[in-house]
Amino acid sequence: RFLPGFCEHVAAGKSVPRNGRAFSPRSIMVKENSEPMDEATKVVDQAREAAVEKVVCPICFEALSDLPNQVGALTFEGRRVETALYHRECVWNPKTQRLIFESETGRAVSPLTRKQVDNFKLMPSLTESNEWVQFLDWNGSGELDVQKVCLAVVALLPVDDAYARKLVLQVLHLEESEGVESHAVSQPEVVDNLLPQIRRQLRRLIKSPRPRPPEICRNSNKEELLAWYRFWDSKKQGNLNVPTLTLAVVTTFHTALAKTADAQTKDAIAHAFLTELGLRESDTVTESQFIEKMAPQLVANLPVAIERGHPSGSLDPKLPLTLHLRDIKTGTERPLYFDVAGEVTIGDLRKATLRRFPVILCRRKVKLFVMGQMLEDDF
């Protein structure tokens, strides 16, 4: 048995590390294709809600301004139905000209609010003043609050959101105060005053680029982990609430794990990690708690940055190999034994998994993942 990692069997597309142990490079997640991942979906829903406030695409968890020409919103019968903004490529299939998550019956709902949707509309550019304002005022109130305006500006421009907010307040002659985000601004104010100022100061705005989340890996040092924590503690409160922490963890797994891994697998790993922490909605995590208790488990579930010169954790192909599979529903572990590690094929692993869990899998096709990387069949 190889520690700290172990093999996971994930009958529902989920995986739970136990007793602080982590997925190692030899740990394999086994996902049965057809069963939904309800629990993982709940975790991701919470991260998606937080992503909207952070001006991040709630599907890929990357900054909306990374692809400004793709920023837009879901619509139903030509009208927006929610505040959330997305990258077009995350929700729209250009080949079928349909939403990616549309069902076989042709019905689709927003992955965030579950409202019915049928199309996607790009956000107009800042030069299209009237169209831009109408896009923001999607509920037809005739007014916009400061927060919505700030988020929309940051969605299109790769600027620091705090700096953009400061500029918006300055142009609108508003003082920094509690509750100012909900201050109503008329459409003419935005069209005649704010947008022209933003366009004139565009060059200066871009000189204050939006900071990106620091990337961490299994061999990250304390300084890098502190930088990661402090990035997400953007208001310098000294603690992270559960929604922000959920977004931070989901974003980290989405960026750190292999790009060939599907989003559901990354979401399942994030769910497993957050479940293991056992945090309640009202909990907060301080910087010292993160460094002492959470960070070791977090980095243990991330890939090693081999380019840093650290060992990759490779095994001797001549020695025996022991793996452990775990059923997510019952917590039952069942081992796999192979006489010679270097002779084990993907087909062997797949057949052995079906043998060890004949009732749960019922000979369905399964997918094998190592650190978020899907293992292809042997040729």
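From a predicted model like this one, the values you see are computed outputs, not experimental measurements. We use all heavy atoms of the structure for the numbers below, so side chains are in, but hydrogens, waters and symmetry mates are not.
- Closest of all the heavy-atom pairs between L302 and R218 is O-NE, 3.0 Å.
- Residue pairs meeting the ring-ring contact (aromatic ring centres under 6.0 Å, His included) criterion with at least one member in residues 46-96, sequence neighbours excluded: F61-H254.
- I216 and E224 get closest at one heavy-atom pair: CG2-O, 4.0 Å.
- D118 has its side chain within reach of T75: a pair of non-hydrogen atoms, C-beta onward, lies under 4.5 Å apart.
- Looking at P320 and Y337, their side chains never come closer than 4.5 Å, going by heavy atoms from C-beta outward.
- Under a 3.5 Å cut-off, the side chain of Q134 and the backbone N or O of E131 do not form any donor-acceptor pair.
- Under a 4.5 Å side-chain heavy-atom criterion applied to ILVMFWY residues, the cluster that includes I100 comprises that residue alone.
- Between W228 and V299, the closest side-chain pair of non-hydrogen atoms is not below 4.5 Å.
- Between the side chain of T345 and the backbone N or O of D348 there is at least one donor-acceptor pair closer than 3.5 Å.
- Listed by first and then second residue, the ring-ring contact (aromatic ring centres under 6.0 Å, His included) pairs that reach into residues 108-158 come to none, sequence neighbours excluded.
- Grouping the Ile, Leu, Val, Met, Phe, Trp and Tyr side chains by contacts below 4.5 angstrom, directly or via other members, places V71 apart from L99.
- Side-chain contact between L64 and C57 is present, with at least one heavy-atom pair separated by less than 4.5 Å.
- Contact detail for V109 and R107: the closest heavy-atom pair is CG1-NH1, 3.2 Å.
- A salt bridge (charged side-chain N to carboxylate O under 4.0 Å, His left out) check over residues 134-144, counting only residues at least two apart or in different chains, returns nothing.
- A side-chain donor-acceptor contact under 3.5 Å links S220 to the backbone of C217.
- Judged as a salt bridge (Lys or Arg N to Asp or Glu O under 4.0 Å), and not counting sequence neighbours, R199 has no contacts.
- Between D233 and R230, no side-chain nitrogen of the basic residue sits less than 4.0 Å from a carboxylate oxygen of the acidic one, so the salt-bridge criterion is not met.
- Taking 4.5 Å as the limit, every side-chain heavy atom of V159 sits out of range of all side-chain heavy atoms of L167.
- What you find for V285 and Y229 is that their closest heavy atoms are O-OH, 2.6 Å.
- Under the 4.5 Å side-chain criterion, counting only non-hydrogen atoms from C-beta, L226 is in contact with E287.
- Side-chain contact between L247 and Q46 is absent, with no heavy atoms from C-beta onward closer than 4.5 Å.
- A donor-acceptor pair is defined here as one N or O able to donate and one able to accept, closer than 3.5 Å; no such pair exists between the side chain of S234 and the backbone of F231.
- Screening residues 66-92 for salt bridge (charged side-chain N to carboxylate O under 4.0 Å, His left out), with sequence neighbours left out, gives D66-R212.
- A distance-only check finds no donor-acceptor pair linking the side chain of E292 to the backbone of Q289 [under 3.5 Å].
- Pairing each heavy atom of D45 with each of P111, the nearest pair is OD1-O, 3.6 Å.
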